[in-house]
Every structure is written in C-alpha cells, then in structure tokens.
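Below is one structure, written out as structure tokens; the observations come after it.
A, B, ... follow the sequence lines: proteins, then strands. Residue 1 opens every chain. On a predicted model such as this, the values are computed, not experimentally measured, just so you know. Just the heavy atoms: all of them, side chains too, but no hydrogens, waters or symmetry mates, feed the values below.
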Amino acid sequence: MVFRLFFAVLVGFFAGVGATAAQEHPGLESYRQVCQLCHGERGRGDIAPALVPLGFDAEYVLAVVREGYGQMPPISQRELSDDNVRQVVGYLESLSSSAAGSAQTGYDGPRTPEGQPDLNGIWQVLNSAAWDIRAHNAQDGVPAGLGVIQDNIIPYQPWASTQQQENYANRFTADPVRRCFLPGVPRITYMPFPFRIFQTADHVVMTYEFAHAVRIIYTDGSDHPLPNDFWMGDSRGHWEDDTLVVDTTHFNGETWFDAAGNFHSNELHVVERYTPISSYHIEYEVTIEDPEVFTRPWTMRMPLYRRIDEGVQLLDYDCVDFILESANRSGGGVQ
Amino acid sequence: MIRIGLSRLATTSLVFLTCPLWVSAQESTAEFDPPRTEWGDPDFRGHYLPGQYRPLEIAADENWQPSTEGSGGNNAAFSRFFEPDPDAPPRPARLTAPMIIDPPDGKVPFQPWAVEQRNEIMVRQDELEHLDPRVKCLPSALPRAHLPVGYNTYQILQLPGYIVMLYEWNHLYRYIPLDGSPHVSPDIRLGMGDSRGRWEGNTLVVDVTNFTDNTWPVGHGAPPEGAPGSALTTGHGVFHSGDLHVIERFTFVDANTISYRATIEDPNVFTQPWTIEFDALQRAPDGHMLFEYACHEGNGRGISLMTGTDLETIRLGER
C-alpha cells in the first residue's frame, strides 16, 4: 500500500509537470483524485483496465461510475459530480486523440526500428548537482546551484541527518569519488562529464567518460539477478510510452549522491525516467527510495543536454591514473 | 585486486565447465559466411568468452629455469585448494604454438635497448611505477583486452555505422565508428586508444592509435616468479610508447568462434611490426551477462602489500 501511495504521489507530481508547459485539462484534477489510483497515470491502466483509447461515450461512463462494474465500486455524486465525470471523459478523449507518445511532451522525435524514442547520442547535464544536489552557494571551485531536488528537501531520518552533516564536514577526505571509486547511480549521471547512450532492441548501454564507468541496462523484460552488490547497482529498464524507466537495485551502500555528503544505504532503490522532450533534451527524473535512511521517497529532476560539438566523442577521465601519478610523485612509499 | 563475490566465481566456473566450444575444429577450409544484421553488416552481436590459453611468444632466453627453492609455499597451498577432481571433464589439450605468427620465430622483435628495459621492468615489479598496469587497474590497452585473461568476458553491440565492445575487465569499453572518420587529434591520449573500423568482406578491421604510454599491449597468464623478461612466454613486461599503432582483424571462423589478428607497430620499441593471431572470442552460453568488475575500489590492500604504497591516503584534488 505504501508503495502504491508513493506511486500515486509520484504520478501526480509528474503529471503536474506537463501542466506547466501546456494548459491543464479541466478533467485532469478529478481523474487524478478518483480514477488514477486504479486506472493508472494518463489512463494507461494499472490494476484496472486502460481507459485510453476510450471506447465509451459519456453517458455509458456515467452509468458505470454510478453503478460500479465488476471490481469497480460505485462512485457517489459527492466524490465525483456528473460534470466532473464528463470532464474526465473529455480528458481521456483528449489523450486518446493525441498521437501515442506525443501526449506526454508534445514532442515526437526520431524512433528506433522497434518504435521507441531514439536516445542514441552523447549527453551531459549543465548544473552543479555533482557538488551538491541541494540549493547551495558557490565555494572555491564549486559553482552555485538552485538544486535538483523537488521541494529542495531530502527527507533524512534524524540519525541520517546527523551523519550527512558529518559527511559534509569531512567531505574532502570522505567522499568516495575523491578516491576515484565508481560514483554509483544516479550520481554518475550528473557528474560534470559527458556520457553516451547506445540503444539497441534489447539493451540500453550507458558509457560514461568519468572512470570509464558502464551501465548495461537490460530492456528485454528480465528481472534483477540474485542478490549481489555492485557500486553501480543492477539496472533493468522498460518503456512506458516514450519514457525509458530504469529500475536499479543491488547497491553496495558505499557511494554518495554528491560531493556534499548526501548518502544512502545498500537498501537504495533508484527509479530513473528518461523522457525526450526535444531533439536536444531529455527530461531526467529520478526517484530515490531507501527506508534505512529516508522517511519517504524523494525525487530529483534535471534536463540532460545533447552534446553537438563537432566530432564529439567520449574521451578519458581515468582518475586511477591520477592517483598513481600522485603516488609516484610522492616517492611511491607513503606507508 | 578484484572485488568479486562468490556467486561470480561460481558463475565463471559453471560457464567454463559447461561450455562445449573448446573442441571446435581448428581448421575450416571454406570461409564461413556469418549471419547479417538487419542493415546488412556481418553480425558480431552477442556475448563471448575468451579463447583458450596459449603462449604469446617464444622465449628469447629458453634456458632460464625457475628456482626450486623458497616461495613454494603459496603454490603448494594453491595446489591443495585446487586438488584435481577425478570426476571433472577432461581438460582440452594445451595449445603450445605461440600467438605470434610474424616474425616467424615467434619472438617479440624488440630493439636491443628494449630487451634490457623489459628485464628491468620485470625485476622491479615490486615498484609501483613498473608494476603490471593490469594489477594497478589501468586500462588494458590493445590487443591485451582480447588475450585470454581471467575474469574477462565480452559483449558486442552493433548499430548502423557503429560497433561497441564492452569488456568485463575493469568495465572497459570502446566505440568503433565505421563511417570512415579520421582519428581524434594526436594531442588526445586514451587508455583504450582511438578505434576506427571498416569492413573488408566479412572481416572487421580496426585501426587503433592515440594510446597512452603507461600500459602494456600484451600480457596474459601468470609469469613464473622471478623470471627475467627475456625468459617469458606470457608477454608480461612488453611495453610501448605513445606511438603504438594496432591494426586488428576480427573474422568469424564458425558461428561461435571469432579469429583475432593484431599487428602491433611501435618504431620506438620494436624493430618491425609484429602480428599475433588466435581464436580470441568464443560465443558464451545463453544467459551470460557481464558483471561489474570494480578493480581499483578494492585494490588498495593489494597494492600496499606488493609495493608498500598506500593508495588509500591519496585523494583527487586534495588540498
């Protein structure tokens, strides 16, 4: 139930994004409040059948709403007036008439032979989340930033808030990335380095310039393997309309979210959503769940920008090499 | 050095025990015509295991004998741990012919000074600067990534105009554009080099330049302890300059086996280009996947024991 509520919250949040770009449909609010929990975001279906495309007229829908149907309970006038029902029907019809996929963003770009949005290319963030995912002022070598977290709140449990402050105080020595350890997910996405998406029929491979990190994301319907722990977790993806949804678990709990000591445990569960919104932009949304450290799931969002520099390709940031050079310079035997 | 869980080891041994591919015929007379991708290129997609172990080279000094004294302890313990299992399937016959097919004597054509340099490198393996770059978790460079090295498997993906090779070894990867584009600027240095590919019939030909100068181009198996470079057959200690130029040829010899030929040029180190050839990639059983090979993350203790250097205290950008 907690899980489902979390999704309802998330879904409402996500649906709210579109509203800022386009005029919100008058039926959306009622749909979200009454129908969405069972029929899914945007009428896509969930525990109850999909309502897009809508094959019924408003009068039939009214009758079903009032009398119930199968598993569906009757819904009273108080919960949903007749006018509300007609607005919801209008909302569902508007979704049914818009082309599949373009409903979310209004963007309908190049597609792969399998019909998925083509995310192939080199991408990079333009923000300072790698230093601090929260709103923060500039420091020496650190650009200021508005933060990438919804509401700018990380819902730490009390002990974890204390731990984070300690991490922050010790960040120049305690940050695992300063020792050139793999940054984990989602930190690798918003490191200030480009990464390349290589998308085939059954894989989305993400290769990163930072430390030649790799994520092989299976989109073949397979599930996470037997428990194991990885710095970069185990990623399984699927498409929801034009959004690549990547579910990542099996973390080792030794990575941080940023250089400011924001952290998680090995119970971390990351759900990323990659939605192309133009030829040059992907809306990147990531939901963080970790019952050991946080009181509730929380969400980050930022655009990814396509790198279009002439001849752009991934180069090397092999920080192991820098560590070794540093050791050589200091004479080899620090011990 | 390698942070690998028990399940990884179990998976690896399972793969090797159940894989029936070793017995594939060495000689196939007619050229094998591989399946094609939807867009007409030879289809290299899939998961692969390394080929069978064989020596890289004929030792320049064939008279060197390992010491029979000292340090037998570890090996003895190792043998006890891996006592021969009477029920195990028979091992394939060991291949003894060297990978080097040119020059015909099977030896790395070092310039005289470079022979000395290799011996020096191997004598000083307890110093961080000279230690095997594989042990230091540096990139494998090429063709080393395709030699039969432990805990390395491969995944190849293709799109029109591109091939990607993913290596389990140290989560390395390389993109191979097939569009005729030139190499990146010579000022750019890359651990895996800069790869540009083309098709010659059914063969994928890849030209690789822009390497760094702190990797080894070859080296697999385990060199006997204390052996000078000139006594080795494993390629350890062979080094290169930034002018390393590798030309690779990948050719299917049957549906499950890719033959690999690499010509290695470096006028600063060798007297002539030299070429290795062997069956380097064997198709993996269904269900194979690449696991995370986090190398550097668990390496501090090993480096400390081997070289006395404490990498744990060194942090990037520390002030």
Side-chain angles (χ1 to χ4, degrees), chain A residues 112-113 120 140-141 172-182 196 198-203 205 207-208 211-216 218 222 225-234 250 252 254 259 311 313-316 318-328 330-335, chain B residues 3 5 7-8 11 38-39 45 127-129 131 133 136-139 155 157-159 162 164 166-167 170-175 177 181-182 184-185 188-192 194 212 214 287 289-292 294-297 299-300 303-304 307-319:
Chain A
T112 65
N120 276 292
D140 182 16
F172 295 122
T173 52
D175 181 358
V177 162
R178 291 225 174 208
R179 288 162 64 179
C180 189
F181 292 174
L182 287 167
R196 181 163 198 155
F198 199 82
Q199 177 188 346
T200 69
D202 47 10
H203 288 84
V205 171
T207 56
Y208 302 85
H212 49 86
V214 172
R215 294 172 68 195
I216 302 174
Y218 298 84
S222 58
L226 291 173
N228 211 322
D229 65 289
F230 306 110
W231 289 82
M232 301 295 287
D234 179 79
H250 295 12
N252 66 7
E254 296 186 38
Q313 67 180 74
L314 295 189
L315 304 175
D316 274 7
D318 190 5
C319 42
V320 172
D321 202 5
F322 308 147
I323 296 254
L324 293 169
E325 273 176 22
S326 181
N328 279 333
S330 62
V334 187
Q335 229 177 21
Chain B
R3 195 171 189 287
S7 64
R8 176 71 190 109
T11 312
E38 299 87 317
W39 55 95
R45 291 173 294 192
E127 296 173 30
L128 189 65
E129 183 183 349
L131 180 61
K136 289 187 286 197
C137 298
L138 286 173
Q155 184 172 3
L157 296 100
Q158 272 175 274
L159 284 177
Y162 263 107
V164 180
L166 303 172
Y167 303 90
N170 200 0
H171 49 87
L172 296 163
Y173 62 83
R174 62 174 170 148
Y175 284 87
S181 56
V184 69
S185 157
I188 298 294
R189 294 290 143 183
L190 303 166
M192 294 300 282
D194 183 65
T212 62
N214 62 357
M289 64 177 274
L290 268 61
F291 280 73
E292 179 179 84
C295 183
H296 168 70
E297 288 76 0
N299 209 24
I303 292 286
S304 170
T307 69
T309 306
D310 183 8
L311 293 186
E312 309 259 335
T313 59
I314 296 169
R315 291 173 176 83
L316 293 169
E318 192 165 10
R319 283 175 279 184

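Per-residue heavy-atom pair counts under 4.5 Å with chain B were compared for A:Cys319, A:Ala211, A:Cys180, and the maximum is reached by A:Cys180. Looking only at heavy-atom pairs under 4.5 Å with chain A, the residue among B:Asp194, B:Leu172, B:Thr212, B:Leu190 that has the most is B:Leu190.
For a residue to count as touching a neighbouring chain, one of its non-hydrogen atoms must lie under 4.5 Å from one of that chain's; by this rule A:Asp175 does not touch chain B. Of the atoms belonging to B:Ile188, it is side-chain heavy atoms, and not backbone ones, that fall under 4.5 Å from chain A. For A:Leu324, the parts lying under 4.5 angstrom from a heavy atom of chain B are both the backbone and the side chain. Residue A:Asp318 touches chain B through its side chain alone, counting heavy-atom pairs closer than 4.5 Å. Heavy atoms closer than 4.5 Å to chain A are found nowhere in B:Pro133, neither backbone nor side chain. Looking at A:Glu325, neither its backbone nor its side chain comes within 4.5 Å of chain B, counting heavy atoms on both sides. The contact between B:Gln155 and chain A is made entirely by side chain atoms (from C-beta outward), counting heavy-atom distances below 4.5 Å. Both the backbone and the side chain of A:Arg196 come within contact range of chain B, judged by heavy atoms closer than 4.5 Å. For B:Asn170, the parts sitting under 4.5 Å from any heavy atom of chain A are the backbone and the side chain alike.
Note: B:Leu138 CG to A:Asp321 CG = 5.5 Å, rounded to the nearest 0.5 Å. How far CG of A:Asn328 is from OG1 of B:Thr307: 9.5 Å, rounded to the nearest 0.5 Å. For the atom pair B:Glu312 CD and A:Ile323 CD1, the distance stands at 10.0 Å (nearest 0.5 Å).
In terms of heavy-atom proximity, A:Asn228 sits nearest to B:Phe291 at ND2-CE2, 4.0 Å. Shown here for B:Leu166 and A:Val214, the closest heavy-atom pair between the two residues is CD2-CG1, 4.4 Å. Across all their heavy atoms, B:Glu292 and A:Met232 have their closest contact at OE2-N, 2.8 Å. Of all the heavy atoms in B:Leu159 and A:Gln199, the pair that sits closest is CD2-O, 3.5 Å. What you find for B:Leu157 and A:His203 is that their closest heavy atoms are CD2-CB, 3.8 Å. Between B:Lys136 and A:Val320, the shortest heavy-atom contact is O-CG1, 3.4 Å.
In this structure a side-chain-to-backbone donor-acceptor pair under 3.5 Å is missing from B:Arg315 to A:Arg179.
Using bins of under 30°, 30° to 60° and over 60° for the plane-to-plane angle, the ring pair A:Phe198/B:Tyr162 lands in the perpendicular bin. The aromatic rings of A:Phe181 and B:His296 stand perpendicular to each other, their planes meeting at an angle above 60°, with 30° marking the opposite boundary.
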Please walk me through it: do A:Trp231 and B:Glu297 pass side-chain contact (heavy atoms from CB on, under 4.5 Å)?
CA-CA 9 Å; A:Trp231 289 82; B:Glu297 288 76 0; 3.6 Å; yes
Given side-chain contact (heavy atoms from CB on, under 4.5 Å), test A:Asp316 with B:Arg189 step by step and report yes or no.
CA-CA 8 Å; A:Asp316 274 7; B:Arg189 294 290 143 183; over 6 Å; no
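Proximity of A:Asp234 to B:Met289: side-chain heavy atoms (C-beta onward) are separated by under 4.5 Å at one or more points. No side-chain heavy atom of A:Val205 sits less than 4.5 Å from a side-chain heavy atom of B:Tyr173.
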